[in-house]
Enquirer: 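One structure is given below, represented as structure tokens, and several questions about it will come after.
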Amino acid sequence: MSKFSRREFIYMMAMLGASPIFANSHTRMTNTGNLEDYYKLKPFGNARLMHMTDSHAQLLPVYFREPSVNLGFYDNYGKTPHIVGEKLLDYYGIKGNKRLEYAYSCVNFEKYAKAIGRTGGYAQIKTVVDFLKNSFGEEKTLLLDGGDTWQGSATALWTRGKDMVGAMNLLGVDIAVGHWEFTYKAQEVLDNVKDLDAEFLAQNVKVKEAALFEETEIAMQAYDEDSGHAFKPYTIKKMGNARVAIIGQAFPYTTIANPQRFIPDWSFSINDGGMQELVNEIKENEKPDAVIVLSHNGFDTDKKLANVVTGVDFIMGGHTHDGVPEAVPIKNANGVTYVCNAGSNGKFLNVLDLDIQNGKIKDFKFTLLPIFSDLIKEDKKMKEYIKSVRKPYLEDLNRQIATTDITLFRRGNFNGSWDQIICDSLLEVKQAQISLSPGFRWGTSVLPGQVITFDDLMTQTAMTYPETYARDMKGSDIKLILEDVADNLFNEDPFYQQGGDMVRTGGISYKINPTAKIGNRISSITLTSTGEKIEANKSYKVAGWSTVGSKSEGEPIWETVEVYLKNIKHIGKLNVDTPDIVGVKGNPGIV
């Protein structure tokens, strides 16, 4: 299959590849206000699904650097999204198209960021969404939100996600699922869901039997006490003359990756068997023309789900922040299911147009549409809304902390420069030998020459369990942590991959073999300050944050980092602790 013959990879390639919209990028293009010049899609089919995910509460346009390390192994070696940099440009045949290079890859990030500017922004997304709805037919269009929307900014944290509920309502979201949404307290989640105009779905979130038996306040608010579903599992939507089923899939490992103490009455799972039963039931009783899963599993997990569950037409996925420019076909026992992912931080909008005839999908067109902020006029109502929710906090948000000569980013399987700043802050402020920081994928980028504000810092740290710690830890326990997280990331079975990336480290170097078995991936852990090898029975002072099991006693991580940055004032250089990775020579998932 040639680079550009992929039917799933259409509108954008012709639209951006053939039109000279990059010609004036050095001075930023003048916005004509005519959105058709940039985002008009050739009419196709009779039902349109728009899908965004993992915006992480970024209401304003942002800089976001795509990963230079996204390793794939086993069945996912050399397959999207585990192709990065120049190899990704070659794979999709987009080398030389500067806007697409900027949108999809880390290549020439600083150069393109300065020329093209920021991406995303809810006021810009609102303009595009409304245009795509109105030009196609609002009655034939749905907007899906794939979760991780209520967390990731200072204002989302301080309003307990309510600022994002308001933004979703104004944007016109029809259906939503969740993950970081569940890091607020259970009653806060339920209250936000009540305020949400969209249907909030989750076939794989159940109320625990003990909670139902004890008739707890949360259990009594379950969607269906008989089935145990905490939330509505699916919905049927009329789209023109078509009836489309949408099934919700929340992040299956929420109570492992995030604190269960906030949501003690709910359980989460992949529930692939329950998914198959539900699909069969929907097909038999509802007889829909199409079945769509709105998922927050992560891309590789969605691919396996598409392989083991039959009867699903498309999985619109999120969680792993992968901007995948095609709908990837996955064969299963009864046909093919296509898997999509819409990136993160408001940078992309998936547009899926379906030609539904005689009770089934005859054909489709798919586009991963980049949201170039400089090309899109802001929606006035959304702009005013964003201004209003940020206004009470502007003094804190605009507080200047430091400056930088290097790009600060977090995105990749191992330490990013923002992660290193956090790790160095923990080492310095906590006077520790070793620091550990979670392998979160959320967080925006800061360009060289920019002032780092408290707002920027909170895009890396704003969460409901930010407390820090400093404690003595044996070398054997340090290795165990590294091994455990590595297995979450590199397990051969995608159903055992819990998303996120490798735990970020400060003060140590180590060797990792991603394809080894658990317990044997990590070796040669060494203190970088002395060159001393970590001994299993020796204790070391370790600092970290974001404890899942129980609340730590230290200050929030943003206070730790702000103290550190205000002390150093300027980041002129930075040594990023990158492990020695075994067996990745030639792997297209690493630059």
Side-chain angles (χ1 to χ4, degrees), residues 402 406 408 410 412-440 443 457 460-461 463 465-489 500-513 519-569 571-582:
I406 68 169
L408 300 182
R410 172 195 281 162
N413 292 153
F414 302 98
N415 283 30
S417 48
W418 252 126
D419 299 300
Q420 196 63 53
I421 292 293
I422 293 172
C423 287
D424 290 351
S425 301
L426 288 163
L427 290 174
E428 180 70 23
V429 176
K430 300 289 190 181
Q431 293 295 291
Q433 295 169 282
I434 299 167
S435 60
L436 302 175
S437 183
F440 297 140
L457 172 58
Q460 313 294 319
T461 59
M463 51 185 279
Y465 51 109
E467 297 83 10
T468 54
Y469 65 84
R471 62 179 69 129
D472 289 336
M473 194 177 292
K474 284 187 176 181
S476 56
D477 292 329
I478 294 168
K479 183 180 187 297
L480 186 63
I481 290 171
L482 296 176
E483 288 280 5
D484 185 53
V485 179
D487 192 60
N488 289 342
L489 182 60
D501 285 304
M502 190 63 188
V503 59
R504 288 27 176 143
T505 61
I508 58 172
S509 61
Y510 63 94
K511 182 181 289 186
I512 180 169
N513 183 348
N520 297 303
R521 289 188 177 95
I522 307 296
S523 61
S524 304
I525 310 174
T526 304
L527 284 174
T528 54
S529 58
T530 64
E532 168 193 354
K533 282 197 171 183
I534 297 294
E535 298 178 26
N537 293 320
K538 187 174 179 179
S539 289
Y540 303 87
K541 187 175 181 181
V542 178
W545 66 293
S546 177
T547 49
V548 171
S550 61
K551 183 178 178 179
S552 294
E553 297 300 321
E555 75 281 358
I557 185 64
W558 54 77
E559 291 184 11
T560 311
V561 179
E562 184 169 6
V563 167
Y564 174 77
L565 286 175
K566 282 186 172 179
N567 183 45
I568 65 172
K569 296 181 177 61
I571 305 168
K573 61 180 180 178
L574 188 66
N575 295 319
V576 178
D577 290 342
T578 303
D580 179 11
I581 312 170
V582 177

Enquirer: Taking the side chain as C-beta and beyond, is there a heavy-atom pair between Y510 and S523 under 4.5 Å?
Expert: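 In short, these two side chains do not touch, never coming nearer than 4.5 Å.
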
Enquirer: Can you sort out the partners of F440 under ring pair (Phe, Tyr, Trp, His ring centres under 6.0 Å), two or more places apart, ordered by chain and number?
Expert: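 Ring pair (Phe, Tyr, Trp, His ring centres under 6.0 Å) check on F440 returns W180, W442, W545.
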
Enquirer: Which atoms form the tightest heavy-atom contact between V485 and D501, and what is the distance?
Expert: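 V485 and D501 have their closest heavy atoms at CG1-O, 3.7 Å.
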
Enquirer: Could you give all pairs that pass the side-chain hydrogen bond (donor to acceptor under 3.5 Å, both in side chains) test and reach residues 472-481, with sequence neighbours left out?
Expert: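 Sorted result for residues 472-481: K479-E483.
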
Enquirer: Using the rule given for side-chain contact (heavy atoms from CB on, under 4.5 Å), can you reason through K511 versus V582, listing the C-alpha separation, both sets of side-chain angles and the distance that settles it, and then say yes or no?
Expert: CA-CA 7 Å; K511 182 181 289 186; V582 177; 3.5 Å; yes

Enquirer: Mind checking side-chain hydrogen bond (donor to acceptor under 3.5 Å, both in side chains) for Y564 and listing every partner two or more places apart, or none if nothing turns up?
Expert: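 Scan of Y564 (side-chain hydrogen bond (donor to acceptor under 3.5 Å, both in side chains), adjacent residues dropped) gives none.
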
Enquirer: Could you tell me the separation between the CG atom of D419 and the OG atom of S435, rounded to the nearest 0.5 Å?
Expert: 10.5 Å

Enquirer: How close do S417 and L408 get, heavy atom to heavy atom, and via which atoms?
Expert: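 Heavy-atom minimum between the residues: OG-CA, 3.1 Å.
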
Enquirer: For L426 and V542, run side-chain contact (heavy atoms from CB on, under 4.5 Å): C-alpha distance rounded to whole Å, both residues' side-chain angles, the deciding distance at 0.1 Å, then the answer.
Expert: CA-CA 9 Å; L426 288 163; V542 178; over 6 Å; no

Enquirer: Among residues at least two apart in sequence or on other chains, which ones pass side-chain hydrogen bond (donor to acceptor under 3.5 Å, both in side chains) with N513?
Expert: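 Expected list: T515.
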
Enquirer: Which residues pass the salt bridge (Lys or Arg N to Asp or Glu O under 4.0 Å) test with D424, not counting sequence neighbours?
Expert: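 Counting only residues at least two positions away or on another chain, D424 forms no salt bridge (Lys or Arg N to Asp or Glu O under 4.0 Å).
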
Enquirer: Just so I know, are the side chains of V503 and D484 near enough to count as touching, which here means a heavy-atom distance under 4.5 Å?
Expert: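 Sidechains of D484 and V503: no contact.
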
Enquirer: Rounded to the nearest 0.5 Å, what separates atom CD1 in I508 from atom CD in Q433?
Expert: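 The CD1 atom of I508 sits 11.0 Å away from the CD atom of Q433.
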
Enquirer: Got R410 and Q460 here, is their nearest side-chain heavy-atom distance under 4.5 Å?
Expert: yes

Enquirer: Checking side-chain contact (heavy atoms from CB on, under 4.5 Å) for the pair I481/M473: CA distance, chi angles, key distance, verdict?
Expert: CA-CA 11 Å; I481 290 171; M473 194 177 292; 3.7 Å; yes

Enquirer: Look up atom CG in L457 and atom OG1 in T560, then write down how far apart they are to the nearest 0.5 Å.
Expert: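 Between L457 CG and T560 OG1, I get 9.5 Å after rounding to 0.5 Å.
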
Enquirer: Just how far is it from atom CD1 of I522 to atom CD1 of I512, taken to the nearest 0.5 Å?
Expert: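 Rounded to the nearest 0.5 Å, the CD1-CD1 separation comes to 4.0 Å.
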
Enquirer: Are any of the side-chain heavy atoms of K430 and T468 separated by less than 4.5 Å?
Expert: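 K430 vs T468: side chains touch.
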
Enquirer: Can you list the residues that meet the salt bridge (Lys or Arg N to Asp or Glu O under 4.0 Å) rule with K566, with sequence neighbours excluded?
Expert: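 Counting only residues at least two positions away or on another chain, K566 forms a salt bridge (Lys or Arg N to Asp or Glu O under 4.0 Å) with E562.
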
Enquirer: Applying side-chain contact (heavy atoms from CB on, under 4.5 Å), can you list everything that pairs with V563, at least two apart in sequence or on another chain?
Expert: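 Expected list: V429.
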
Enquirer: Taking all non-hydrogen atoms of both residues, which atom of G506 and which atom of D577 are closest, and how far apart?
Expert: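 What the structure gives for the nearest pair is CA-OD2, 3.4 Å.
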
Enquirer: Which residues pass the side-chain hydrogen bond (donor to acceptor under 3.5 Å, both in side chains) test with S552, not counting sequence neighbours?
Expert: T547

Enquirer: Report the distance from atom CD1 of I422 to atom CG of L427, rounding to the nearest 0.5 Å.
Expert: 12.0 Å

Enquirer: Of all heavy-atom pairs between L482 and M502, which one has the smallest distance, and what is that distance?
Expert: O-CE, 3.1 Å

Enquirer: Checking N415 now: which residues fulfil side-chain hydrogen bond (donor to acceptor under 3.5 Å, both in side chains) with it, not counting sequence neighbours?
Expert: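 side-chain hydrogen bond (donor to acceptor under 3.5 Å, both in side chains) check on N415 returns Q420.
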
Enquirer: Start with the C-alpha gap between Y465 and S546, add the side-chain angles, then the distance that decides, and say whether side-chain contact (heavy atoms from CB on, under 4.5 Å) holds.
Expert: CA-CA 5 Å; Y465 51 109; S546 177; 3.0 Å; yes

Enquirer: Under the side-chain hydrogen bond (donor to acceptor under 3.5 Å, both in side chains) rule, what pairs show up with a residue in residues 529-541, not counting sequence neighbours?
Expert: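 Found E532-K538.
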
Enquirer: Taking side chain as C-beta onward, heavy atoms only, is I421 less than 4.5 Å from V561?
Expert: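 With C-beta onward as the side chain, the pair touches.
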
Enquirer: Can you name the closest pair of heavy atoms from C423 and S437 and give their distance?
Expert: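 It is SG-CB, 3.9 Å.
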
Enquirer: Enter the distance from W418:CH2 to L574:CG here, rounded to the nearest 0.5 Å.
Expert: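 Atom-to-atom, W418:CH2 and L574:CG are 11.0 Å apart.
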
Enquirer: Is there a side-chain contact between L527 and I534 (heavy atoms, below 4.5 Å)?
Expert: yes

Enquirer: Report the residues that fulfil side-chain contact (heavy atoms from CB on, under 4.5 Å) with P556, sequence neighbours left out, ordered by chain and then residue number.
Expert: P466, W558, E559

Enquirer: Taking C-beta and beyond as the side chain, do F414 and T505 meet within less than 4.5 Å on heavy atoms?
Expert: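 Not in contact.
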
